[in-house]
Amino acid sequence: MLKKLMLIDGNSILYRAFFALPLLSNSTGVHTNAAYGFAMMLVKVLEEEKPTHVLVAFDIGKTTFRHKDYESYKGKRDKTPSELAEQIPLVYELLEAFSIQTYGQAGFEADDIIGTLAVEAEREQVSTVIVSGDKDLFQLIGDHVTVLHTRKGVTEMDRYDEAALRERYGLAPSQIVDLKGLMGDPSDNIPGIAGVGEKTALKLLAKFPTVEEIIAHPDAFSGKKLQEKLREFADDAILSKKLATIHTEVPLPFSFDELELRDIQKDKVASVFSRLEFRTLIDRIDKSPLFSSSDNEETEVLVEEHEYVQITPENQGEWEKIFHYSPLALQIETDIDNPHHAGITGIALSHKDDNLFVPLEVAKDWGPFQSWLQDNQQKKVVYDLKRCKILLEREGMKVAGFSFDVLLAAYVLNPSETKLELSDLALQQSIGYLPSDDEAYGKGAKKRPLALEPLAVHVTKKSAKLLALYHRYEEQLEKNDLTKLLYELEMPLASVLADMEMIGVKVDKSKLEELGITFKEKIERLEKEITDLAGTSFNINSPKQLSEILFEKLGLPVIKKTKTGYSTGADVLEKLAPQHEIVEKILHYRQVGKLYSTYIEGLKKEISPDGKIHTRFNQTIAATGRLSSTEPNLQNIPIRLEEGRQIRQVFVPSQDDWSILAADYSQVELRILAHLCRDPILQKAFLEDRDIHTQTAMDVFAVEAEEVSSLMRSKAKAVNFGIVYGISAFGLSQNINIPQKEAKEFIDRYFATYPNVRQFMDDVVVDARKQGYVTTLLNRRRYLPDINASQFNARSFAERTAMNTPIQGSAADIIKNAMVNLSREMDKRKLKSKMLLQVHDELIFEVPAEELEEMKSLVRVQMENAVQLSVPLKVDVNIGKSWYEAK
DNA sequence: CAATGCTGC
DNA sequence: TCAGAGCAGCATTGG
């Protein structure tokens, strides 16, 4: 194959990328803009130029031979910004992953290394392309050497050969040094001739081809001043020319052939891209011909070896090889996502290089495997403990001894990480390439089940990665002091949640249908009234059609706009309500419509054959540490308005004579705030169990308890909410509909009343700026890469997050701890009561009549003592025949 | 699939 | 000046 050499001016491209892109950083706060730009450029030039040999040359060391001639060389250059310097190792890693050689040599610049190789290539007639943002390199252009010069951004480039150079500057490549000798280069502190810029220099060079000839004939040029300068600065020009001349005889310790570009390994590159969070580039890997492995035999060879043994009734001896090791990796594959409905398609076990594939039928009636599963001493490393437990138990298999959950580990290490699929984790941790489920099964319409053999390959590949991830994560958890959070909170909780999900909540289906009928009647009535008032029938659910009616047909005033048109949000409609009776009906229509579609129809769809709803608690979604609930979401069942609250009537105990017990923390977030900032007035208020909003109103408005009006209390309440969310005057003014000025006064008065709160808020932001993350009571950690951003918006958001996360996250820690403790205690006491749901600050149980009194006290005690704070925690317990009645 | 809107804490 | 309340899930519209 014909050789093609590519020489990349590393420093030049790096600087270019750094200044061309905003100061991006990834989720752990590492700046990555220059590395990102470099990677973009690299992928582009490799794809387009298809070089066979590549070198990236770097400047290393401070002084070069040029300093001997001119000690101020590059004297004025600012020190490399630290945000850029810290990215240099990233670029080396990147190039390493691409298997691209890098080189720098003390005493020489990258230019000289490139020049030496370019001259050699020219001599050997090897086609060569130089990539740089520096025009100096144009002097190397030759018959076989061209320069790609960055034009705009990082990926737009101009190609210069001799003709292009002549067209653009009217110069031959050799004259670039003359140009530079005349005009100098401020960035390198090369003087040139004072007062001569590019334009004059080009004019001079049009008459004589070299600096030497120009300064020998100053009189040949018009203009007295110019003539003087040519005489006065002749020496500077000669020196400048010398400085600009690239040295092409650097003694290099390698030969041309050693620069041959080897096959680029997809997994290595993907792993680095993933760790740096270069998402668009990751996507590009699959499409890029650079990484194609199908039509290239050599890359085929580089695919990691993967072997497995399928267990059959005949070869169970294979099991003897590994079963006594502990831990083993256990991976369970399913047909669909939801573990409450999924079927197991296969089970894989791994230890070192031994991978076993166990079909479900074999697993189920295979004694040694079953006893291994149940043995608490036989440790299992899994991905998603909760899911594994549910899947196995639904197949009637008992399981114990989960020692490590790779998914939960990845989450506690960085709860903001959204790419938590096993294949993502393998990439992020550089433990080799693992196909994603989408790759294995296809996605969207192309999704299809796998035949037995490819299925076995896929699932054993997954299990094979688990132990490597376990070792990585264990070390990282230790380093970040997160082991307790994982082992003592999140993993035990996963087990508790698995049980809660499997038990499920009983639904009174006839009640649900009954409510559905009344809601439907209301909707139809409202729909008729609204279309009558509007004088035309239209889709009330369409904001577009609705705004046409309200703001064009009826001419109501526009209060707020959205990106696409007029806003018809509830806040806007509430302001418009006095103007036209239709508005109120629309609000009511929306409210009941929501109830019907989301809560009546939506819940109906989720009822399982056992008459229960089995929600799924997601433990790795919310960056604060909260849980979330899906399919269906049982954490947003209506309560505020009576009409919606009735939905709660359908959630009932699973047996007659049982009750629903609901226990909720009272003001847990404000109590946490009082604890964290140790404000004496707030602490006292909680110690005395005062109504906190009334107390705040008393303190802020400086009045006695009896003088607090309901308006004052509700304003104080809004301020308290704002404090928890990371307050802004604007946010508060919007929320309670007062002028911003007034909101600011409230906030100022609040902070004046509780100075420790302000101190705490300030401290937590300063802390976040220093450390790059904030923490919660149980040491949960959330990184805030934007905390030092220059964009006001991004930074403000990070600051509010810094204030909110320790509060919301600590509340999550507390209730999680209570759940784990409570579950243990209920087991210990062999209670029949079941924990069913968690709604952030509330736990729901079903309880047989004979356990009611015991549970009331047990739940309260465990919740109130989940952690010890400097203020008491308070829990309200309520009991009823449905969730609705437990209020 | 994005935008909008609404439900919860 | 600009934008602007913390954390979620789900239904609907309309491209």
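Side-chain atoms are counted along with the backbone in the values below, which use heavy atoms only and exclude waters and symmetry mates.
A straight line from CD1 of A:Ile586 to C1' of B:dT4 spans 15 Å, rounded to a whole angstrom. Rounded to whole Å, the distance from CZ on A:Phe617 to C1' on C:dA8 is 13 Å.
Contact annotation: A:Arg640 reaches the phosphate of B:dG8 (side-chain N/O to OP1 or OP2, under 4.0 Å). Proximity of A:Thr564 to the phosphate of B:dA3: no side-chain N or O atom is located under 4.0 Å from OP1 or OP2. The side chain of A:Ser728 places no N or O atom within less than 4.0 Å of a non-bridging phosphate oxygen (OP1 or OP2) of C:dA3. For C:dC7, the OP1/OP2 oxygens have a side-chain nitrogen or oxygen of A:Arg782 closer than 4.0 Å. Between A:Arg800 and C:dG6 there is a side-chain polar atom (N or O) within less than 4.0 angstrom of OP1 or OP2.
At a cut-off of 3.5 angstrom, the base of C:dG6 holds at least one donor-acceptor pair with the side chain of A:Gln808.
For DNA chain C, no neighbouring residue in residues 662-669 of chain A is found when judged by any heavy atom under 4.0 Å.
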If a protein heavy atom is under 4.0 Å from the base, mark B; if only from the sugar-phosphate, S; if neither, -; do that for nucleotides 10-15 of chain C going 5' to 3'. BSSSS-
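Under the 4.5 Å side-chain criterion, counting only non-hydrogen atoms from C-beta, A:Ile844 is not in contact with A:Leu634.
A stacking contact between A:Tyr725 and C:dA5 is absent: the pair does not combine a ring-centre distance of less than 5.5 Å to the base's six-membered ring with planes differing by less than 30°.
A:Asn821 contributes no side-chain N or O that, together with a main-chain N or O of A:Gln862, makes up a donor-acceptor pair within less than 3.5 Å. A donor-acceptor pair under 3.5 Å links the side-chain atoms of A:Lys612 to the main chain of A:Ile503, judged by distance alone. Side chain of A:Lys816 to main chain of A:Gly625: a donor-acceptor pair is present (N/O by atom type, distance under 3.5 Å, no hydrogens or angles).
Listed by chain and number, the residues in a ring-ring contact (aromatic ring centres under 6.0 Å, His included) with A:His588 amount to none (sequence neighbours excluded).
Of all the heavy atoms in A:Ala729 and A:Ala743, the pair that sits closest is O-CB, 3.3 Å.
Applying the side-chain contact (heavy atoms from CB on, under 4.5 Å) test between A:Glu421 and each of A:Asp438, A:Leu407, A:Asp437 identifies A:Asp437 as the sole match.
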Working for side-chain hydrogen bond (donor to acceptor under 3.5 Å, both in side chains), residues A:Tyr754 and A:Asp699: CA-CA 9 Å; A:Tyr754 309 119; A:Asp699 295 340; 2.7 Å; yes
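Using a cut-off of 4.0 Å between Lys/Arg side-chain N and Asp/Glu carboxylate O, A:Lys575 and A:Asp571 are scored as not salt-bridged.
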